[in-house]
Amino acid sequence: MTNKLFILVICAAVGTAAGFIVMKTYKRKHAYLVGVCDMIGELKRNISYRNDSAASILGAFDTESTQLKKNIGEYIAYTEAKDGKLDISRGFLSSGDHAKVKELFGALGTSDGASQMERLNSFSKLFEDMRDKAGEKSDKYGALSVKLGFLFGLGVGVLFL
């Protein structure tokens, strides 16, 4: 009896852990998009008032998302090299999201202040919509994935019995 209960608890724990991993992916994407929106806001403020370069603004920008920090570092390395190709790592982003992020970083510092502000405003709307959708998904499916993981693990444990 003790062995059966132990198997049941282990299966439920593994299912719950899998649910937490899925929940973390939703939260990680949402945090990344929150960071991108904050980054665009910082760029718009600094370009319109201080007229700093995008690389210097991003060099001082701080975010919680490790993937965004990596992407900013890759952009800064690209601007310092000036002979290479912009290579933004994909990480956990989908191919569509990665293409949009790459387009954003590719557009930075390529035009005058007024044109740059127009492009940043359009990117701002795009990424705010993406952030809102990711937040809704995270709220809706994050807790659900933990619950379903627990129930799936419990079901597998019962089948083993």
Side-chain angles (χ1 to χ4, degrees), residues 13-150 152-153:
V14 169
T16 304
F20 272 114
I21 291 170
V22 171
M23 179 180 72
K24 189 168 172 106
T25 59
Y26 284 120
K27 288 188 181 285
R28 184 174 48 190
K29 182 176 179 180
H30 181 251
Y32 181 87
L33 292 172
V34 166
V36 169
C37 290
D38 292 345
M39 179 185 76
I40 292 171
E42 185 72 20
L43 285 166
K44 287 174 21 180
R45 279 189 297 281
N46 281 305
I47 289 173
S48 63
Y49 295 116
R50 294 194 326 205
N51 212 10
D52 292 337
S53 71
S56 65
I57 295 167
L58 293 180
F61 182 73
D62 188 32
T63 183
E64 293 179 12
S65 173
T66 55
Q67 180 64 36
L68 184 57
K69 285 180 187 177
K70 183 178 180 183
N71 291 153
I72 290 171
E74 292 165 344
Y75 172 76
I76 291 172
Y78 162 74
T79 59
E80 290 172 355
K82 295 189 182 200
D83 61 346
K85 183 180 140 195
L86 178 61
D87 186 29
I88 301 295
S89 61
R90 182 173 169 185
F92 57 84
L93 296 174
S94 68
S95 59
D97 293 344
H98 177 253
K100 292 171 188 170
V101 169
K102 193 170 182 179
E103 182 183 354
L104 167 66
F105 279 108
L108 295 179
T110 59
S111 58
D112 64 344
S115 299
Q116 189 73 60
M117 286 300 291
E118 288 177 25
R119 299 236 17 214
L120 286 174
N121 283 330
S122 66
F123 279 121
S124 179
K125 290 181 192 319
L126 173 73
F127 282 103
E128 285 173 359
D129 289 342
M130 289 172 60
R131 177 197 62 199
D132 293 341
K133 288 178 185 174
E136 289 173 9
K137 264 185 144 176
S138 176
D139 292 341
K140 187 176 182 181
Y141 297 121
L144 180 67
S145 64
V146 175
K147 293 172 187 171
L148 287 176
F150 172 75
F152 180 74

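Atom set for the values below is all heavy atoms of this structure, side chains included, hydrogens, waters and symmetry mates excluded.
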At their closest point, which heavy atom of [X] faces which heavy atom of [Y], and how far apart are they?
X: L33; Y: A134; answer: CD1-CB, 3.8 Å
X: S124; Y: I40; answer: CB-CG2, 3.8 Å
X: A31; Y: S65; answer: O-CB, 4.3 Å
X: N121; Y: K44; answer: OD1-NZ, 3.1 Å
X: T79; Y: A55; answer: OG1-CB, 3.6 Å

- Message: Quick check: do T63 and Y32 have side-chain heavy atoms less than 4.5 Å from each other?
- Response: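 No, side chains not in contact.
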- In sequence, state the C-alpha distance, the side-chain angles, and the governing distance for L126 and K100, and then conclude on side chain to side chain contact (heavy atoms under 4.5 Å, CB included). CA-CA 9 Å; L126 173 73; K100 292 171 188 170; 4.0 Å; yes
- With sequence neighbours left out, the residues meeting salt bridge (charged side-chain N to carboxylate O under 4.0 Å, His left out) with R45 are E42
- Task: Report the residues that fulfil side-chain hydrogen bond (donor to acceptor under 3.5 Å, both in side chains) with D87, sequence neighbours left out, ordered by chain and then residue number.
- Result: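 Residues passing side-chain hydrogen bond (donor to acceptor under 3.5 Å, both in side chains) with D87: none at all.
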- Task: Sequence neighbours left out, what passes side-chain hydrogen bond (donor to acceptor under 3.5 Å, both in side chains) with S56? Give chain and number order.
- Result: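 Applying side-chain hydrogen bond (donor to acceptor under 3.5 Å, both in side chains) to S56 gives S53.
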- Task: List the steps, then state whether side chain to side chain contact (heavy atoms under 4.5 Å, CB included) holds for F123 with M39.
- Result: CA-CA 11 Å; F123 279 121; M39 179 185 76; over 6 Å; no
- What distance do T16 atom OG1 and I21 atom CD1 have between them, rounded to the nearest 0.5 Å? 11.0 Å
- Inter-residue atom distance L58.CG - Y75.OH, 0.5 Å rounding: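 Spacing of CG (L58) from OH (Y75) equals 6.5 Å.
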- Item | Listed once per pair and sorted, the salt bridge (Lys or Arg N to Asp or Glu O under 4.0 Å) pairs that draw on residues 121-134, sequence neighbours left out | none
Could you go through residues 89-99 and list every donor-acceptor pair under 3.5 Å that involves a side-chain atom there, pairing it with any protein atom two or more places apart or in another chain?
residue	atom	partner	partner atom	Å
S89	OG	Q67	NE2	3.1
S89	OG	N71	ND2	3.3
S89	OG	E74	OE1	3.4
S89	OG	E74	OE2	3.0
R90	NE	L93	O	2.7
S94	OG	D97	N	3.3
S94	OG	D97	OD2	3.3
D97	OD2	K29	NZ	2.8
H98	NE2	I88	O	2.6

Scan the side chains in residues 135-145 for donor-acceptor partners under 3.5 Å anywhere in the protein, sequence neighbours excluded, and list what turns up.
residue	atom	partner	partner atom	Å
S145	OG	G19	O	3.1
S145	OG	Y141	O	3.3
S145	OG	G142	O	2.7

- Query: For K69, does the NZ atom sit with more than 12 other heavy atoms under 6.0 Å from it, leaving out its own atoms?
  - Reply: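 Atom NZ in K69 is crowded, with more than 12 foreign heavy atoms closer than 6.0 Å.
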- Item | Pair L108-L120, side chain to side chain contact (heavy atoms under 4.5 Å, CB included): steps then yes or no | CA-CA 9 Å; L108 295 179; L120 286 174; 3.9 Å; yes
- Intermediate values then yes/no, side chain to side chain contact (heavy atoms under 4.5 Å, CB included), L43 and F61: CA-CA 9 Å; L43 285 166; F61 182 73; over 6 Å; no
